[in-house]
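Side chains included, hydrogens not; waters and symmetry mates left out as well; all remaining heavy atoms used. Throughout, protein chains are lettered first and strands after them, A, B, ... in sequence-line order, and every chain is numbered starting at 1. Fair warning: this is a prediction, and the values are worked out from it, not measured in the lab.
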Amino acid sequence: MKPRVRFAPSPTGFLHVGSARTALFNWLYARSTGGTFILRVEDTDQERNRPELTQQLLQELDWLGLDWDEGPIYQSEKLERHREVVQAFLENGHAYLCDSENKEVQGTSLLEGMAVRFRMPQDKTISFTDLVRGEVTFNTDDLEDFVIWRSNGTPMFLLANAVDDADMEISHAIRGEDLLSGVPKVLLLLDAMGAEHPVYAHLPLLVNEQRKKLSKRRDDVAVGDYREKGFLPEAMVNYLALLGWGPPDGVEIRSPAEIVKIFNVGDVNKAAAFFDIQKFEHINSSYLRSLSKEDFMQRVEPWIGEEAPWSRENFDPEKFSMMVDLIQEKLRTLSDTPRFVDFLFLEQPDIDEDSWKKTMKDPQVSDSLLAFIADSFEDCEWETEVLKDLVTKAGEKVDLKLGKAQAPLRVAITGRTVGPPLFETMACCMTREEVLKRISAARKSL
RNA sequence: GCCCCGUUCGUCUAGUGGCCUAGGACGCCAGGUUCUCAACCUGGUAACACGGGUUCGAAUCCCGUACGGGGUACCA
């Protein structure tokens with residue numbers, strides 16, 4: 001029997017990174033076992049039953065490359081089936097009608113304005129084997145009769161969940177630990193239907209620095225936010241896979257396809273994991289570096305177009321293309337790109353205050369240094385090595401090594417102390433006139 | 001409150017009774033890279049929550065304590 005797993009998100013208008021991780025682990029399980037990955041949209045809550053919310057969800061999954069084999073199946077379309085099960089429970093005594101005061105009402109058919117509660121058996125032990133946590137046990141005395149049907153005529157989550165899992169013959173339910181306490185109720189529901197139990201695997205939660213479940217109010221939780229910050233989908237998948245699971249050989253950076261080969265849900269660990277943006281950035285920069293130039297050019301497009309800090313007519317694609325060779329290895333995210341090249345496409349460099357203060361703190365020295373440099377640049381060959389030699393010589397006159405001597409020039413030209421290799425940039429992408437103009441502008445500001 | 005789950009370097013993890021004076025990665029720190037660094041290279045720092053058992057031997061098994069988290073809705 002091939003495993004059948006599902007990702008069953010509630011459409012909230014964005015994909016939460018925790019949900020994305022759950023989707024990923026289901027996908028990994030299906031792909032690594034030859035199973036079927038099913039997408040089911042849990043939109044039983046009327047407010048969430050909106051097509052555009054679902055659309056966004058599908059797009060994010062698509063962006064991550066998590067393709068599904070069946071679905072999307074909409075839970076809201078199964079209303080009749082859910083009603084049928086609840087009706088049967090009413091008839092066979094597994095559930096009862098209940099009014100707005102939570103009082104039991106006699107009757108064996110659904111009534112408008114009445115909710116339905118599942119009857120909890122007394123002192124019954126319920127245990128199951130979780131693939132991640134091992135044996136987990138509950139006692140029904142700690143559980144209450146719970147609502148399975150709302151008075152507005154719609155099914156509750158647990159009921160819909162149980163019925164759909166049974167009908168879709170889900171073999172493995174892989175989801176977040178926050179759903180662990182709901183399992184005994186679902187198992188009871190399944191038993192009442194005479195359906196089989198799926199195998200459960202509860203993944204550790206993703207937490208923030210306060211060790212609390214990632215929340216959308218405090219934390220950056222939308223996958224789309226990371227996309228907009230310039231993270232690559234394969235880096236996102238790679239990083240998410242590392243939260244709660246580790247490759248047996250310790251090689252952390254590897255493609256989704258390679259992860260599929262070595263993934264095992266039994267190796268998932270139990271403790272909550274902190275979503276560490278710094279490590280994510282490290283992984284992203286690694287993927288960025290390994291991109292072919294062609295691929296990089298394509299992916300960076302959104303960051304150098306309309307959104308860029310320069311006006312479109314000043315942008316020069318050829319210069320940019322040359323700059324890519326110099327900066328690709330330095331980027332942590334795609335959104336870092338503009339600030340490494342913006343000075344080429346702006347009338348004036350955008351001067352960073354801290355950089356200016358740091359390199360121009362002795363205006364006398366900086367001025368004479370820049371004067372020497374400007375003089376020697378007036379009439380020289382416009383080549384990387386020549387420019388570098390000239391700056392080295394200018395530095396010697398004020399008793400500074402190249403490392404220090406290039407700093408004021410770098411800030412005058414680019415506006416920042418950090419950037420692409422300076423001499424190459426000037427030689428390949430700037431004219432003598434532009435460079436001299438910026439040097440003199442900087443000297444005037446001293 | 002009650003129920004459930006968890007606890008290895010700051011962080012993510014390896015470790016399934018001897019190979020552990022606990023390994024890797026990120027971060028951090030130091031040095032290197034005769035152009036910067038937020039890039040790259042090398043090195044370093046740093047952890048088995050605590051207390052009892054079991055065992056010749058425990059990070060690994062059992063019990064308890066502490067701490068953390070999740071659940072306990074006519075949300076999902």
Side-chain angles (χ1 to χ4, degrees), chain A residues 8-12 19 42-48 75 98-100 102 113-117 130 132-134 136-139 141-144 146-158 160-161 175-185 202 204-205 207 209-213 239 242-253 267 269-283 285 289 326-332 336 339-340 355 359 384 387-388 391-392 395 401-407 409-411 414 416-425:
Chain A
S10 159
T12 52
S19 300
E42 305 217 325
D43 55 352
T44 51
D45 182 4
Q46 293 298 317
E47 286 175 30
R48 297 183 186 180
Q75 203 161 52
C98 143
D99 65 20
S100 56
N102 287 335
M114 291 274 174
V116 176
R117 279 178 189 269
D130 188 283
V132 173
R133 277 147 223 286
V136 182
T137 304
F138 293 84
N139 187 290
D141 284 355
D142 297 317
L143 273 17
E144 299 172 337
F146 57 102
V147 176
I148 56 176
W149 190 258
R150 297 190 186 92
S151 55
N152 70 2
T154 58
M156 286 290 286
F157 162 69
L158 289 173
N161 197 264
R175 53 220 281 234
E177 198 204 323
D178 50 342
L179 298 174
L180 186 59
S181 346
V183 173
K185 291 176 184 170
H202 287 90
L205 254 24
V207 298
E209 47 278 89
Q210 277 87 239
R211 297 256 125 206
K212 302 254 193 240
K213 183 164 79 162
Y239 180 57
L242 261 18
L243 260 21
W245 175 82
D249 59 6
V251 178
E252 296 187 322
I253 297 182
D267 293 337
N269 53 227
K270 309 164 165 77
F274 170 60
F275 189 91
D276 184 357
I277 190 79
Q278 291 200 90
K279 179 137 185 180
F280 186 18
E281 282 181 347
H282 168 80
I283 290 171
S285 72
R289 240 174 284 135
L326 304 178
I327 64 166
Q328 190 177 342
E329 65 180 28
K330 294 172 179 289
L331 306 171
R332 295 178 79 77
D336 286 342
R339 65 181 172 188
F340 272 93
S355 297
T359 53
T384 304
L387 298 177
K388 182 176 162 186
V391 173
T392 305
K401 291 202 172 150
L402 184 55
K404 294 278 184 198
Q406 59 87 42
L409 177 63
R410 178 182 292 278
V411 173
T414 71
R416 301 186 186 86
T417 51
V418 176
L422 185 59
F423 306 117
E424 290 210 37
T425 302

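Checked by distance alone, A/Ser181 brings no side-chain donor or acceptor within 3.5 Å of a matching partner on the base of B/C3.
Between the side chains of A/Arg410 and A/Thr414, no donor N or O sits under 3.5 Å from an acceptor N or O.
Nearest to the side chain of A/Arg211, among B/U13, B/G68, B/G6, sits B/G68. Here B/A39 is the nucleotide among B/U11, B/A39, B/C74 with the atom lying nearest to any side-chain atom of A/Arg289. Closest to the side chain of A/Asp267, from the set B/C12, B/U16, B/C75, is B/U16. In the set B/C26, B/G70, B/U36, the nucleotide with an atom closest to the side chain of A/Thr417 is B/U36. Looking at the side chain of A/Lys279, the nearest of the listed nucleotides B/A25, B/C74, B/U36 is B/A25.
Among the heavy atoms of the strands lying under 4.0 Å from A/Thr137 are primed sugar atoms or P, OP1, OP2 only; no base atom is included. Contacts of A/Glu329 with the nucleic acid, taken as non-hydrogen atoms under 4.0 Å apart, involve only primed sugar atoms and P, OP1 or OP2. If you check every strand for non-hydrogen atoms under 4.0 Å, A/Phe423 touches a base.
Going from atom CZ of A/Phe138 over to atom P of B/C2 covers 16 Å, rounded to whole Å. Between the CG atom of A/Leu180 and the P atom of B/C3 there is a distance of 15 Å, given to the nearest Å.
Judged by a 6.0 Å distance limit and a 45° cone about the ring axis, A/Lys185 is positioned over the six-membered ring of A/Phe146.
Shown here are the side chain to side chain donor-acceptor pair (under 3.5 Å) partners of A/Thr417, two or more places apart in sequence or in another chain: there are none. In terms of the side-chain contact (heavy atoms from CB on, under 4.5 Å) criterion, residue partners of A/Pro421 (sequence neighbours excluded) are, by chain and number, A/Leu326, A/Lys330, A/Glu424.
Salt-bridge formation is detected for the pair A/Arg133/A/Glu177: a Lys NZ or Arg NE/NH1/NH2 atom is positioned less than 4.0 Å from an Asp or Glu carboxylate oxygen.
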### Task
Any chance you could list the contact pattern along nucleotides 45-50 of chain B? Use B for base contacts, S for sugar-phosphate-only contacts and - for none, protein heavy atoms under 4.0 Å, 5' to 3'.
------

